[in-house]
**Student:** 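Before I ask anything, let me first share the structure, which is written out below as structure tokens.
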Number of protein chains: 2
Amino acid sequence: MSETGGTGTAGRKGAGTRTAPGAGSPRERYRTQVRAEIKERAWEQIADAGASALSLNAIAKRMGMSGPALYRYFGSRDELITELIRDAYRDLADTFRADADNGRGDAEDGTGTASGADLASLAHAMRRWARADPHRYFLVFGTPVPGYHAPDDVTGIASEIMAALLDACAKLPARTSAEVDDQPFDRHIKAHGQWAGEHPATPAQLHRALSFWTRLHGVLSLELAGHFTGMGFDAEAFFEAELEGLLAPA
Amino acid sequence: MSETGGTGTAGRKGAGTRTAPGAGSPRERYRTQVRAEIKERAWEQIADAGASALSLNAIAKRMGMSGPALYRYFGSRDELITELIRDAYRDLADTFRADADNGRGDAEDGTGTASGADLASLAHAMRRWARADPHRYFLVFGTPVPGYHAPDDVTGIASEIMAALLDACAKLPARTSAEVDDQPFDRHIKAHGQWAGEHPATPAQLHRALSFWTRLHGVLSLELAGHFTGMGFDAEAFFEAELEGLLAPA
DNA sequence: TTTCGTTAGTTATAGCTTCTAACTGAAGCG
DNA sequence: CGCTTCAGTTAGAAGCTATAACTAACGAAA
């Protein structure tokens, strides 16, 4: 079990076990510890060669035990991947929330400009998170894995992310008041915006949050997939330009 | 070799063999025919369960021959996938070109409005192409496959696609003349726009083409991956809204 | 302290995959 | 007509997921 190496760097990226670390019987404690190490090795493999190269066998051997032992901890390869996806999603939500909290602090200090600082900060946090581990980003937002179906609790996590986004959108200067909520899609979303949950956001804000998500994902996804390499321009500069367009009141 | 079924539905999606069908010796002709059928079965498998589920063995068995025979036609699984990606790319370029040619015809007929009709038509062609086979779209623009590196000729195909895009962008009404090419990224792209090849496009047009690509990809990618399901709004309406924003002169 | 159930880990095995090696048979070409 | 080339075969190595059966150790309870 590689007692020394073990979970030495546990809690990588803060996406470790959500259960309390020192809880329950010693057996249970050991169990959560091994589960955590398995996930860690899994993340290593994913960071190296992507999710499709994840091998339970290789993980087991690198942990000093033999193949089928892992099936005591994860019912199947898909179950492990599902849990990794959920952890990644969770980590992104935490990142967004942390960034939102920081932003609120700055605003109260009077240092941050009110116009779009929060949304821009969120965008940069998103880009940082994506570039920190591209494979993790693709695991969440990339090509869907064949047999995977999102468990129920990810919708809750997605709501958290959306809430942080909507909060930032609410702090933006509104569009010219004449055309607020008057675009065709704004009217559509007024009737189909239940995904915002209880958030008191205007249709225009929902629209803006959606655009934020899809536009930045469009840039990040293609950048991380390497579709910009060889084109010569600076991906970061383009990202900033897109963000700029997103913050513009028009 | 399933003589009857054979390449009955050959040339699926028009992305079949690029080599002339009845060329060379009978052996060579047979060879290209078998290669085409292999690709066809491969596309079937990909359409069913994605590229990761593509199995040479299964293809061979479904063609009535046993596993290793396929290695006469494709050196490896990766080589087959690479060729499929290139074919898909090729097909998208043809789709774009066909759409651009149609648009030009309409414009000369005087039926089409001049403002952004071409770009909108291209956007709809792109969405149609993506939704016709989501797995194919993800094969080209989705999570990069582990060992894959784009062959040299895809840059040429990408140039074709970009050329069609830039042509459409050139037909758009320019932005307010005061700020043309004066955005920070426009200035950046003026120095780093060699990816346009010989196309006589202004920096603002290059910028718009890039935004077109990334914004629509952002919507399509998330829509096809199922990230909108359960949110309740209409993906097509949102796509149209994004397109609208893309066509706006601001 | 001894007993006894739970459980972690093992090996063996089935069935799948890619891919290599050696061989057979037939088709094309001179 | 004969030689050569090549398609397709079977056999097999190495890897994967996953299941089944078994062993051994641990923890709690009598």
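Within every chain, numbering begins at 1; the chains are lettered A, B, ... in the order of the sequence lines, protein sequences first and strands thereafter.
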**Student:** In terms of side-chain heavy atoms of Ala69(B), which of dG8(D), dC19(C), dG9(C) is nearest?
**Tutor:** dG8(D)
**Student:** On the nucleotide dC16(C), are OP1 or OP2 found under 4.0 Å from the side-chain N or O atoms that Asn57(B) carries?
**Tutor:**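 For dC16(C), neither OP1 nor OP2 has a side-chain N or O of Asn57(B) closer than 4.0 Å.
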**Student:** Should Leu246(A) and Leu216(A) count as side-chain neighbours, where that means a heavy-atom distance under 4.5 Å?
**Tutor:**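 In short, these two side chains touch, coming nearer than 4.5 Å.
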**Student:** Without decimals, in angstroms, what is the distance between Arg35(B) CZ and dA7(D) C1'?
**Tutor:** 15 Å
**Student:** For Leu56(B) and Arg72(B), take the nucleotide of DNA chain C holding the closest heavy atom to each; which residue's nucleotide lies nearer the 5' end?
**Tutor:** Leu56(B)
**Student:** Leu54(A) CG to dT17(D) P: how many Å, rounded?
**Tutor:** 8 Å
**Student:** Look at Tyr30(A) and dG9(C) and indicate whether a side-chain polar atom (N or O) is within less than 4.0 Å of OP1 or OP2.
**Tutor:**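 Yes, Tyr30(A) has a side-chain N/O under 4.0 Å of OP1/OP2 on dG9(C).
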**Student:** What is the distance, to the nearest angstrom, from the CD1 atom on Ile38(B) to the P atom on dT18(C)?
**Tutor:** 13 Å
**Student:** Rounded at 0.5 Å granularity, tell me how far CD1 in Ile59(B) sits from CD in Glu37(B).
**Tutor:**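 Output value for this atom pair is 10.0 Å.
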**Student:** Quick one: is Tyr73(B) getting a side-chain N or O under 4.0 Å of the dG8(D) phosphate, OP1 or OP2?
**Tutor:** yes
**Student:** Nearest whole Å is fine: how far is dA7(D) P from Gln33(B) CD?
**Tutor:**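 Spelled out: CD on Gln33(B) to P on dA7(D) is 14 Å.
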**Student:** Can you tell me the distance, in whole Å, between the CD atom of Glu28(B) and the P atom of dG28(C)?
**Tutor:** 14 Å
**Student:** How close or far is atom P of dG9(C) from atom CG of Leu70(A), stated in whole angstroms?
**Tutor:** 9 Å
**Student:** Can you work out whether Pro68(A) or Lys61(A) has the more 5'-proximal nearest nucleotide on DNA chain D?
**Tutor:**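 That would be Lys61(A).
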**Student:** Both conditions, 6.0 Å and 45 degrees, for the charged tip of Arg136(B) above the ring of Trp129(B): are they met here?
**Tutor:**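 Yes, a cation-pi geometry holds between Arg136(B) and Trp129(B).
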**Student:** Whole Å only: how far is the CZ atom of Arg29(B) from the P atom of dC29(C)?
**Tutor:** 10 Å
**Student:** Donor-acceptor check, side chain of Arg86(A) to backbone of Ile81(A), threshold 3.5 angstrom: yes or no?
**Tutor:** no
**Student:** Grab the CG-P distance between Leu80(B) and dT17(C) for me, whole Å please.
**Tutor:** 15 Å
**Student:** Is the phosphate of dC6(D), meaning OP1 or OP2, less than 4.0 Å from a side-chain N or O of Arg31(B)?
**Tutor:**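 For Arg31(B), the contact criterion (side-chain N or O under 4.0 Å from OP1 or OP2 of dC6(D)) is not met.
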**Student:** Could you grab the distance from atom NE2 of His207(A) to atom CD1 of Ile189(A), nearest 0.5 Å is fine?
**Tutor:** 7.0 Å
**Student:** Please tell me which of the listed nucleotides, dA8(C), dT9(D), dT19(D), lies nearest to the side chain of Tyr71(A)?
**Tutor:** dT19(D)
**Student:** Any side-chain N or O of Ser55(A) below 4.0 angstrom from OP1/OP2 of dC16(D)?
**Tutor:**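 The answer is yes; a side-chain N or O of Ser55(A) sits under 4.0 Å from OP1 or OP2.
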**Student:** What does Arg27(A) touch in the nucleic acid at a heavy-atom separation under 4.0 angstrom: a base, only the sugar-phosphate, or nothing?
**Tutor:**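 The residue Arg27(A) makes base contact.
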**Student:** Is any side-chain nitrogen or oxygen of Arg77(A) closer than 4.0 Å to OP1 or OP2 of dC16(D)?
**Tutor:** no
